[in-house]
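The structure appears right after this line, and notes come after that.
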Amino acid sequence: MASRLLRHEWTLAAIAGVVVAVILTWPTLKHPWTTIPGDIGDPTLQAWQVAWAGHALVTNPLGLWHSNTFFPELYTYAYTDNLLGYAPAGLLGHGVEAAVFRYNLLFVLAHALAFVGAYALVRQLGGIRTAAAVAGVAWAFAPWRLAHSGHLNILSIGGVALCLAMLARGHGWSLRDGHRPALHRPGWIVAGWLVAAWQVSLGFAIGLPLVYFLAGTALVVLTAVGWARWRTGTWVLGRRVVLANLFGGAVFGGVCLWLGSAFLRVVELNPQARRDLSWTEMFSPPLRGYFVAPADSWLWGDYFQAARAQLSWPPEMALLPGVTLIVLAAAGLSYSVFRVRHRVLLGLGVLVSGALGLGSNLVGQGDPGYLTLSRLLPGWEALRTPGRLMVWTSLLLAILAAGAITEFGRQLPSLKWPRPAGRILLLIPLLLVLVEGVNRTPHPTAPTAPAAMRSAAEPLLVLPSDGVSESHVMLWSTDGFPRVANGSITFVPAWQQQIRTMSTTFPDPGSVAFLRQAGIRSVVVLPDRLAGTPWNGVATRPLDGLGITREEIDGALVYDLD
C-alpha cells in the first residue's frame with residue numbers, strides 16, 4: 001500500500017514540485033535562518049505577517065485584526081494583503097530567526113504548489129504528463145515572477161490553478177472530453193471551493209480576480225444548465241453536485257465577506273488608505289513590457305537591460321511569461337489536442353487578460369478596460385498594479401502550450417521516428433522552461449534585532465521611524481510581540497503620522513508629554529540608523545528636567561518614559 005502510494009502520479013508530482021522549487025529558488029534554503037530572498041523590505045514585513053497570524057491563532061484569535069504594530073491603531077493586520085492563510089506555519093518556532101526561516105520555507109513551497117496546481121489543472125483538462133510538467137514549470141517559474149521575489153503574496157498563486165482543477169474534476173469536466181456526468185465527484189467540488197477560499201485568504205491582490213472569475217463562471221454554468229433544462233426538461237447537474245456547490249460556495253463567500261469587511265473597516269478608519277485611479281495609471285505597463293524580462297532572470301536579465309531602462313517601474317512592468325511558453329502557446333492555437341472552439345476561447349482569454357493587464361495604456365486609456373472594472377467592481381480599484389493579471393495570462397498560455405505538447409505526444413506512435421527520439425523531443429520544452437526559470441535573485445542577510453528591544457517596556461517606539469526600518473521593527477517584534485508604534489504600509493495612519501512628527505524633537509517636554517499621552521512607555525533609539533533622517537541628533541540631546549531615564553544597550557539607547 002505504502003509503495004503504491006509513493007509511486008502514485010500525484011505523490012511523484014508533489015515530490016517533483018518540491019525538488020524543482022528547491023533548485024530553482026536556490027540559494028533560498030542555503031542559509032534559511034539568516035538570509036531572505038529579494039530584499040530586506042517587504043519580505044521582512046511579510047515574515048512578521050505570518051508570525052503574527054500564528055501567534056494570534058493560539059493566544060487571542062478574536063484579536064487577530066488588532067496586531068502588535070502601529071500602536072495604538074486598530075485593524076492593523078488588515079492594512080494590506082496579510083498572508084492569513086499561512087497562519088498554521090506561524091506556529092512553527094518563535095522569534096526572529098524562526099520568522100525568517102518560516103518565510104524562506106513558504107517561499108519555496110509557494111513555488112512548489114504553483115507547479116502542482118498547474119500540473120493538476122492540465123492533467124484534468126486532458127493533457128499528458130509531460131505537457132502538465134511543462135505547464136507547471138512554465139507557470140510557477142515564469143521569468144516575470146522573478147520581479148516579485150520580495151512579494152510572497154504575489155508568488156502564492158498555486159491555489160488558483162489547484163482550485164480550478166478540483167472544481168473541474170468534481171464536475172466531471174475537461175477540455176478534451178467535455179462534460180461527463182458519470183464522473184461527478186461532489187467531494188472534489190467542496191475541496192475546490194475550500195482551496196479557493198484559502199487562496200483568497202492569502203491576499204486580495206491575487207484572490208480578488210479569482211473571486212470574480214469564479215462568480216462569472218458560476219453565472220455562465222447556471223445559464224447553461226437553465227438552457228439545457230428548458231430545452232430537454234432534464235437537469236444536467238445532480239442533486240449532490242448542487243448541494244456541494246451550495247455548501248462550498250457558501251464557505252467561500254463567507255470567507256470573502258469576512259476578509260472584505262476587515263479591509264472596509266480599515267478604509268473607514270483611514271480614508272487616506274483609499275487609492276484613486278492615479279495609482280493604476282502609474283503602474284500600468286506598456287505593451288512592450290510583455291516582452292521584457294526582469295533583472296533577476298539568469299537567462300534573459302542582461303539581454304533586456306536596455307529595454308528595462310525604458311520602463312518607468314520595471315518590477316511591475318517587466319512581464320515576459322517566457323519565450324518558450326509564448327512559442328508553444330502560439331503553436332497550440334493551430335496544433336492541439338483540444339477542440340478548435342476551446343482553443344479560440346483560450347486565445348481570447350489570453351488577449352482579454354493581456355489587454356486588461358495594460359491598465360490605462362490600453363486604447364482609450366483603459367476605459368473600457370481595466371479602469372472600467374475599477375469603477376464597476378467592488379474592491380477592484382485597490383488592485384493598483386494591472387500587470388499582475390499576468391497570473392491569468394500565463395496560465396492560459398500554459399494550457400495552450402500543453403495542448404500542443406499533448407497532441408504531439410498522441411501522434412508519436414504513428415510517426416516513423418525511433419521511439420527514444422520522440423521522447424527526447426517531448427522533453428526539450430521541459431528543459432527550455434526549466435532554463436528560463438533559473439534565477440539570480442539576491443539573498444541579503446536579514447537585519448539583526450537590537451538587544452535593546454527585549455528590555456524596553458511596551459508599548460514602545462523605535463527611532464528612526466520611517467523607510468525600510470519600519471519593516472525591520474515589525475520583524476524584530478516577532479520576539480515576544482511587544483506592542484510597537486512602528487509599522488510599514490503604503491499609507492500613513494493618523495496616529496503614526498502624529499507620533500512621527502512629534503518624535504522628531506525627542507526628547508523635549510512636548511514630545512515626551514505627547515508620547516506619554518499616546519501610551520508609549522519607552523523609546524528605543526538606533527544611533528547607527530539616524531543619519532539623514534528627521535531624527536538625526538536625537539541621541540545626543542540632554543534629558544534635564546524631563547523625568548525620563550536613558551540606558552545604552554549594545555549601541556542602542558533605551559529611554560524609559562514611566
Side-chain angles (χ1 to χ4, degrees), residues 31-36 39-52 55 67-72 76 93-104 443-489 496 499-500 502-507 511-512 515 518-541 543 546 548-562:
H31 302 292
W33 284 275
T34 56
T35 64
I36 203 159
D39 55 57
I40 54 173
D42 286 345
T44 56
L45 181 156
Q46 293 182 326
W48 165 82
Q49 288 177 323
V50 177
W52 169 258
H55 173 75
S67 78
N68 69 309
T69 60
F70 295 99
F71 178 85
T76 52
H94 62 276
V96 178
E97 283 195 352
V100 173
F101 173 79
R102 193 183 299 122
Y103 180 90
N104 284 317
H443 285 70
T445 300
T448 303
M453 281 192 64
R454 300 190 189 96
S455 59
E458 63 158 334
L460 61 95
L461 167 67
V462 179
L463 298 179
S465 177
D466 67 349
V468 71
S469 292
E470 296 290 79
S471 297
H472 298 172
V473 175
M474 297 175 83
L475 173 65
W476 299 335
S477 75
T478 58
D479 186 4
F481 295 96
R483 289 170 293 171
V484 296
N486 304 78
S488 176
I489 200 60
Q496 186 179 50
I499 289 173
R500 283 180 176 178
M502 294 299 296
S503 65
T504 56
T505 60
F506 181 83
S511 62
V512 170
L515 293 177
I520 302 297
R521 297 181 59 199
S522 59
V523 176
V524 176
V525 176
L526 308 178
D528 60 333
R529 294 185 175 222
L530 295 177
T533 74
W535 295 271
N536 195 19
V538 165
T540 59
R541 293 171 186 162
L543 308 182
L546 296 177
I548 64 176
T549 61
R550 178 173 59 199
E551 178 184 8
E552 181 178 349
I553 302 177
D554 289 343
L557 302 176
V558 179
Y559 295 77
D560 187 351
L561 306 187
D562 286 342

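This one's a predicted model, so the numbers in the text were calculated from it and none came from an experiment.
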Check your understanding: Are any non-hydrogen side-chain atoms of Tyr559 and Leu543 less than 4.5 angstrom apart?
Key ->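 Yes, side chains in contact.
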Review point. With side chains defined as the heavy atoms from C-beta onward, is the minimum distance between Glu552 and Leu557 less than 4.5 Å?
Key: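 A side-chain contact exists here, since the closest heavy-atom pair is under 4.5 Å.
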Smallest separation among heavy atoms of [X] and [Y], with atom names:
{"X": "Thr44", "Y": "Ile36", "result": "N-CD1, 4.2 Å"}
{"X": "Thr505", "Y": "Arg541", "result": "C-NH1, 3.1 Å"}
{"X": "Leu561", "Y": "Ile548", "result": "CD2-CG2, 3.8 Å"}
{"X": "Val468", "Y": "Gly41", "result": "CG2-CA, 3.7 Å"}
{"X": "Ser511", "Y": "Phe506", "result": "OG-CA, 3.3 Å"}
{"X": "Arg529", "Y": "Pro464", "result": "O-CG, 3.4 Å"}

Review point. What residues, two or more places apart in sequence or in another chain, satisfy side-chain hydrogen bond (donor to acceptor under 3.5 Å, both in side chains) together with Ser522?
Key: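 By the side-chain hydrogen bond (donor to acceptor under 3.5 Å, both in side chains) rule, Ser522 matches no residue at all.
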Rounded to the nearest 0.5 Å, how far apart are [atom1] of [X] and [atom2] of [Y]?
{"X": "Glu458", "Y": "Ile520", "atom1": "CD", "atom2": "CD1", "result": "10.0 Å"}
{"X": "Gln49", "Y": "Tyr103", "atom1": "CD", "atom2": "OH", "result": "9.5 Å"}
{"X": "Asp466", "Y": "Thr504", "atom1": "CG", "atom2": "OG1", "result": "11.0 Å"}
{"X": "Ile499", "Y": "Ser465", "atom1": "CD1", "atom2": "OG", "result": "8.0 Å"}
{"X": "Arg521", "Y": "Asp560", "atom1": "CZ", "atom2": "CG", "result": "7.5 Å"}
{"X": "Phe71", "Y": "Leu460", "atom1": "CZ", "atom2": "CG", "result": "10.0 Å"}

Side-chain donor/acceptor of [X] to backbone N/O of [Y], under 3.5 Å:
{"X": "Asn68", "Y": "Pro482", "value": "yes"}
{"X": "Ser471", "Y": "Asp42", "value": "no"}
{"X": "Gln496", "Y": "Phe70", "value": "no"}
{"X": "His472", "Y": "Ile40", "value": "yes"}
{"X": "Asn104", "Y": "Thr35", "value": "yes"}
{"X": "Asn486", "Y": "Val462", "value": "yes"}

Point to revise | Sequence-distant partners of Phe481, ring pair (Phe, Tyr, Trp, His ring centres under 6.0 Å), two or more places apart | key: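 By the ring pair (Phe, Tyr, Trp, His ring centres under 6.0 Å) rule, Phe481 matches Trp52, His55.
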Point to revise | All salt bridge (Lys or Arg N to Asp or Glu O under 4.0 Å) counterparts of Arg500, not counting sequence neighbours | key: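 Applying salt bridge (Lys or Arg N to Asp or Glu O under 4.0 Å) to Arg500 gives Glu470.
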Practice item. Would you kindly say whether Trp535 and Ser503 are connected by a side-chain donor-acceptor distance under 3.5 Å? Key: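 The criterion, which ignores hydrogens and geometry beyond distance, is satisfied for Ser503 and Trp535.
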Point to revise | Residue pair Thr34 / Thr445, side-chain donor-acceptor N/O under 3.5 Å | key: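 Distance-only check fails for Thr34 and Thr445.
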